[in-house]
Amino acid sequence: QVQLVESGGGSVQAGGSLRLSCAASGRTFRNKAMGWFRQAPGKEREFVAAISWRGGVTYYADSAKGRFSISRDNAKSTVYLQMMSLKPEDTAVYYCAADRETARDYVPRRETQFDSWGQGTQVTVSS
């Protein structure tokens, strides 16, 4: 498995931006698709965005399209989530996750397709 540590969360006002980072350890990072999920209080964890292991393909939840951007730097073993035009409903704990398979030929989106998770970072958006 891949060990993951998120950072970059915080408190912002609506309309603001944040960039989350997820640092990975382990030699298999570059062969793993990566994803971001979030869990708001009282709600189930939900998919936000994912990126293929090569970085060329991305997929977003409808709530993230046009506002969030996922990217990765395999040389730094880090995946990012740039979030713009933040809304109060984006308030949640954000988790990064690594694909349970290597070199998957499509971008995974279901929680069960990921088997390594970070501890999460809190994002709070005030109105």
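For reference, positions follow the sequence shown, starting with 1. For clarity, every value in this text was computed on a predicted model and none was experimentally measured.
Counting heavy atoms from C-beta on, the side chains of V48 and Y60 never come closer than 4.5 Å. You'll find the side chain of S52 stays beyond 4.5 Å of the side chain of Y106, heavy atoms only.
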Residues E111, R45; criterion side chain to side chain contact (heavy atoms under 4.5 Å, CB included); working and verdict:
CA-CA 9 Å; E111 280 194 52; R45 188 156 57 184; 3.1 Å; yes
Assess the residue pair R104 and Q113 against the criterion (side chain to side chain contact (heavy atoms under 4.5 Å, CB included)); give the C-alpha distance rounded to whole Å, side-chain angles, the decisive distance to 0.1 Å, and a yes or no.
CA-CA 10 Å; R104 192 189 294 263; Q113 293 174 309; 3.6 Å; yes
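Ring orientation note: the planes of F114 and F37 are nearly perpendicular, at an angle over 60° on the 30°/60° scale.
Figure legend: R72 and Y80 shown without cation-pi pairing, the cationic atom not lying both under 6.0 angstrom from the six-membered ring centre and within 45 degrees of its axis.
Taken to the nearest 0.5 Å, the CG atom of N74 stands 8.5 Å off from the CG atom of N31. Rounding to the nearest 0.5 angstrom, the gap separating the NZ atom in K43 from the CD atom in E89 is 8.5 Å. Note: Q13 CD to S127 OG = 9.0 Å, rounded to the nearest 0.5 Å. To the nearest 0.5 Å, the span separating NZ on K32 from OG1 on T102 amounts to 5.5 Å. One distance of note links OG of S77 with CZ of F29; it measures 5.5 Å at 0.5 Å rounding.
Just one residue in the list L20, V125, I70 forms a side chain to side chain contact (heavy atoms under 4.5 Å, CB included) with M83, and that residue is L20.
Hydrophobic clustering (ILVMFWY, side-chain heavy atoms < 4.5 Å, transitive): Y94 and Y59 are in distinct clusters. In this structure, F68 is a member of the same hydrophobic cluster as L18, with clusters built from ILVMFWY side-chain heavy atoms closer than 4.5 Å. Under a hydrophobic-cluster definition in which Ile, Leu, Val, Met, Phe, Trp and Tyr are linked whenever side-chain heavy atoms come within less than 4.5 Å, directly or via other members, V107 and L4 are assigned to different clusters. Put simply, V2 and L81 are part of the same group of oily side chains (I, L, V, M, F, W, Y) that touch within less than 4.5 Å, one to the next.
No donor-acceptor pair under 3.5 Å is formed between the side chain of S116 and the backbone N or O of A97.
We find that K87 and D90 are not joined by a salt bridge, their nearest charged nitrogen and carboxylate oxygen being 4.0 Å or further apart.
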